[in-house]
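Take a look at the structure set out below.
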Amino acid sequence: MVEEESVRVVRCGGSELNFRRAVFSADSKYIFCVSGDFVKVHSTATEECVHILQGHRNLVTGIQLNPNNHLQTFVVGLKLHALFTLPSAEDSVFVIINKEKPDVFQLVSVKLPKSSSQEIEAKELSFVLDYINQSPKCIAFGNEGEYVAAVRDFYLSVYFFKKKTTSRFTLSSSRNKKHAKNNFTCVACHPKEDCIATGHKDGKIRLWRNFDDDKKYTYTCLHWHHDMVMDLAFSVTGTSLLSGGRESVLVEWRDATEKNKEFLPRLGATIEHISVSPAGDLFCTSHSDNKIIVIHRNLEASAVIQGLVKDSNIFTGLMVDPRTKALVLNGKPGHLQFYSLQHDKQLYNLDIIQQEYINDYGLIQIELTKAAFGCYGNWLATVEQRQEKETELELQMKLWMYNKKTQGFVLNTKVNMPHEDHITALCFCNAEKFENPTLVTSSKDGHFKVWILTDDSDIYKKAVGWTCDFVGSYHKYQATNCCFSEDGSLLAVSFEEIVTIWDSETWELKCTFCQRAGKIRHLCFGRLTCSKYLLGATENGILCCWNLLSCALEWSAKLNVRVMEPDPNSENIAAISRSSVGSDLFVFKPSEPRPLYIQKNISREEVQWGVFVPRDVPESFTSEAYQWLNRSQFYFLTKSQSLLTFSTKSPEEKLTPTSKQLLAEESLPTTPFYFILGKHREQQDEKINEAFESELVQLPLTENIPAISELLHTPAHVLPSASFLCSKFVSSLLLSKETKSGEEIPEDVDMEEGKESDDSDEENDFTEKIQDTNNTDLGEDLLHQLSKSEEKELRKFRKVDYSWITVL
Amino acid sequence: MFSSGRERNLRGCGLLLADAGGARCPPCAVGMGEFKVHRVRFFNYVPSGIRCVAYNNQSNRLAVSRTDGTVEIYNLSANYFQEKFFPGHESRATEALCWAKGQRLFSGGLNGEIIEYDLQALNIKYAMDAFGGPIWSMAVSPCGSQLLVGCEDGSVKLFQITPDKIQFERNFDRQKRSAVHKMLVDRQYMGVSKRKCIIWGVAFLSDGTVISVDSAGKVQFWDSATGTLVKNHLIANADVQSIAVSDQEDSFVVGTAEGTVFHFQLVSVTSNSSEKQWVRTKPFQHHTHDVRAVAHSPTALISGGTDTHLVIRPLMEKVEVKNYDAALRKITFPHRRLISCSKKRHLLLFQFAHHLELWRLGSTVATGKNGDTLPLSKDADHLLHLKTKGPENIICSCISPCGSWIAYSTTSRFFLYRLNYEHDNISLQRVSKMPAFLRSALQILFSEDSTKLFVASNQGSLHIIRLLEGSFKHLHTFQPQSGTVESMCLLAVSPDGNWLAASGTSAGVHVYNIKHLKLHCTVPAYNFPVTALAIAPSTNNLVIAHSDQQVFEYSIPDKQYTEWSRTIQKQGFHYLWLQRDTPITHISFHPKRPMHILLHDAYMFCIIDKSLPLPNDKTLLYNPLPPTNESDVIRRRTAHAFKISKIYKPLLFMDLLDERTLVAVERPLDDIIAQLPPPIKKKKFGT
């Protein structure tokens, strides 16, 4: 079965959350946002993604709640540019469509045929407004659908549905300085009054009234933003107006007066969209750094839904944090972002540059250019640079140590100007036998430097620090790449066209390879059985494989390699080449020049970076061609920063089971306690029907955990104190088996857990006896072996919020 | 001050403007191609701040009172021309101004007097003490028959307006605080007082809503029945000082100490409901200083304040046609002459509120090409500083063409001085024993040969006085025509001394024969008031400029309009000419070029060459062509009768001293602002 499915390139998360305004569910518990080809449903309380709505095969362009049925949402995609619904127009919706010409858009009303299917094909279109702006921010419906306001360039058009007339108000667009930025950018309508708010390029907000009279119309100006107003929204009652823009400040204008305004500053990035929940208790802002902030009515940010930050250039490439298995790359300016691929969610941002970012056009910023993890994630090395003029290079290398206590990286050593010129590569020696962490940097100044960790203790404290141990060079050539062999015994450094091999213990030059085929662009050693091979890809499009034992070229191939990444779990090496039509993927073992797998045209764009991410659970592709995907998954990033991978399934099918369960629970916060008690109560109610049973299938079999059954079935007056039960309860939720590599839980915690789970094993014995007695009461077969998938589900609980326990 | 060598050229008449102004103040000889221009910037005139404005809907006139007590009447129907003024008085600071019973104007001030003005005779009809201390506010009952004043002692006094006076009727309860509330209706509203918060103005609407403006920057709406606050608009960080409501009560305007004027409108909440709400709509920032007074005409918002500008901002939605009336008006300078000139001795007489200054222009021997600034060989001299006695402001003043006589008048006294020049010394001798009838003059004029003095008194009569060495002789008095009491405010005498033209504010121009001492003729009355008058030498054509920017030429000997005048009336003036902002305040003639008429307003100087074709609406009125390298053909083709120069502005006075010399008196606005108290500091974004 598996063989029959073909591997295809799929978009894997990290898509834009800020493409359109997010939509709140009627009860404000969920927030819907379009994200690439899907619609994501997040919980406003926990930030968690609880559901992914799919069905579109291309970009989703709009989403609206059905105003007459809160449980329905409309979603539009391809060729329809935006969507609007009105409570008054029950069976029709409004969409923006493109007329023949590329820049001419129309607002049309679409009559929905009565249909129960998910996809609707509508034929009846009626035209409303012509020559409008494509963006849905430039259309707003007011006074329960009595009129629609559209803005474009320098004018505001208002169409009255009853009168069937259009009024148009034009602002002065003269070239002089004062009016040059009068362009309309967005529009919003007051929910109760005849008042239209428009945002402008110069940062002004105009409130239009009396616009049903072409002559007596009037407007007020509100001016605080100094740059373009990106979006506007009225609160549900209309008492306040929200606006946002480049300043990253949410402004609330109360009573639409200029003096009465409140701010929520420091939101981090340009506000792209603002939406208001129908219940009026929440706002949310979508930001240019791909995040959504949920904000309370009192202007307190309550939740941040952060996607993959796609704001800056990616210099560091893609890396995998060995601890969290998170994808690591450049994030916010000056930060490294840790992005969980599994949850499609940003874990955290690590501030590397640690300086205030000044957002100003034309300013030369400090760039985070290189980063590398070493020693199983214990060390992180980063390089930042800033070059204002040719001769003035500011360079800094930082070494960060993972602190188990704080669960984060702490700056250990800062090296100013580690090299005279740009650092071209950075690598740690990850071999186990090396007790002393070693780092090698190569630079355009012709040197490579070896840095080792040394004791830096003094009378005040014990400390470690990094110092330079060895400086190597080769005929004043620029060092372009460096790489350690898998066992750490050899270091390969490429100097332009020449590859040098150094003994990592004595730092002696062992041998050199020179192919005269251009500068070496990529360099890597083979792994496992292929560890005797060294691979190099040159600028002239030659891929070379040298045998380190014979010191001779094993084979070479003509391939214009853009990305070359070794799989840490196998001998496989992935190379992506660039041709005129697109990028092609080749997977091969260094031992054989014949590729294992070729996929042409994986992307039309240039692929910039790639990385193998080890799988938690190995796949079992039997087909030879797909075996390379069994142990690791290959991710790559294109120039337009879409993160893609190879899969037979779409990512949402692999959605973590917890989130699916959360979806089933409508009303209660999703703590484990809820799973226990909530379900228990339902059992007591004996509401056994089909739906219930089907739910049961989805749910984890929590009641099978002995400690929980004990907790639930023992009469309250004989229960021991909560603090005593607590640790048992928690440990019962843990799995007794040792994990391969602690996922998010650091090593030391794992150790303790190991002990605890031993305890709980005993506990299990004890409780099983009680269960025996209970079994007779319930007459159910509770002796159920946990299946592998259930085990996995339960492991997820460890990530669920336990803070409530402390309250007990 | 014109550094650029390329100057605008009044071509056709071969008039090349050049500039020798040099430094900031020095008087100056200015080479002007054919003309040397004395560019004068030492007239240190600062208008006083505006204290009150009152709009009269019936006559569409606006009364403006200034801090020095001057009251000016603007005719909004006649291109906002300042047609009348009542000179100020040191002890009569006006704090309140209002119209009653149609066209009657009352004011109250710090001296506690209620004053009624006679708008025909241009004097004060009577002053009556309200016996309540300084008067702070004043209002008229809606029917216009009762006048209320709020006094310093907290009392509000009600006066019945009788046809020729006002009569005290009753006194309302005293309040502890001084009555700074404006009473619009016969009802009192107890203020909203937070501590140290002063209510600067109150408006009472017919639906029972009370609007208050206060020193905390708030505009508040109150329900008068319950005394509760309905809505609060915080609009400024400084005081909101004034409020005015439109007659329809659907819009009002407030002025703040930051110089901003805010417009509030009553708009319906939704198009299909009758519920309405007050919404702040547009802010206008036309002032730099406190807006002390606002008024609301049916079509415009009017504001005035410490920065001395009177700003009339038309409401676009109320303007029927987008024409000249739809433009914003900013009136800063009086529409009358404050400067007179002695051509023979190159003297300028400047009139201030309480003194006169006599200056002798500098001179130069240098020559230069067009546009050059010529160095002065002799600086301008401040010859004389003549202070008035008493608290009254000067109404008018004049220096004789020969420079040996100065005359000026206040409301109650007329002064005539004889000047004697001995080398560089000047002696001043007052001519005493002025006749009793010469008490107050609205306009004074000397004949070209300085032997006669013409005085327009405020009774409508014109006196002719012959001047002798050190004495005078009353020759004749032209009594106003029976039935009219209108005062003459403009006079012009023909250079040959035979004709005298006099004009009032509305009726036609009367031309008198001085030789025969009789009325020669009356130029037919025109709808718009006369702004300037002059009689051309040799031809004795009377040139009349009106506030609607029309210029007429009337031949006195023929008693009819000249052919040129008929032609231009038939063809009509250029539309840009008619759209100019300020009235023509002075007309003069070139002694050698009878076809030329020189005239100016505050922003341009123009030579009308009657020999050239008239411009039509398609031709460029303001000749922007470069002065040189221009073929004569094109020049001739584009040449038209109006040669306009906008180099000198704001231009208060311009006259021809001799054939080759012009004098231009400018008063830059920046210099006025520099002399005002500093405005409220506002943080400007990005500074």
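A note on names: the letters A, B, ... follow the listed sequences, proteins ahead of strands, and every chain is numbered from 1.
With a threshold of 4.5 angstrom between heavy atoms, B:Gln277 approaches chain A through side-chain atoms but not through N, CA, C or O. Using a 4.5 Å cut-off between heavy atoms, A:Asp212 touches chain B through its side chain atoms alone. For chain A, the nearby parts of B:Val269 are the backbone and the side chain; heavy atoms of each come within less than 4.5 Å.
Note on ring orientation: taking the six-membered ring where Trp is involved, the planes of A:Phe161 and A:Phe141 are parallel (angle under 30°, cut-offs 30° and 60°). Using a 30° and 60° split on the angle between ring planes, B:His296 and B:His263 fall in the tilted class, from 30° to 60°.
For A:Glu146 and A:Lys163, the salt-bridge test fails: no basic side-chain N is under 4.0 Å from an acidic carboxylate O.
A cation-pi arrangement, defined by a distance under 6.0 Å to the six-membered ring centre and an angle within 45 degrees of its axis, is absent between B:Arg280 and B:Phe262.
No close placement of the A:Phe169 and A:Phe211 rings is indicated, their centers lying 6.0 Å or farther apart. Not less than 6.0 angstrom separates the ring centroid of A:Tyr159 from the ring centroid of A:Phe94.
Identified by a heavy-atom distance below 4.5 Å to chain B, the contributing residues of residues 188-195 of chain A are A:Lys192, A:Glu193, A:Asp194, in residue-number order.
With B:Trp200 as reference, B:Asp239 is the one residue of B:Asp239, B:Val254, B:Asp214 to meet the side chain to side chain contact (heavy atoms under 4.5 Å, CB included) rule.
Top candidate by heavy-atom pairs under 4.5 Å with chain B, chosen from A:Arg209, A:His226, A:Lys216, is A:Arg209.
Summarising the local packing, NZ of A:Lys201 is surrounded by 12 or fewer heavy atoms from other residues, nucleotides or ligands at distances under 6.0 Å.
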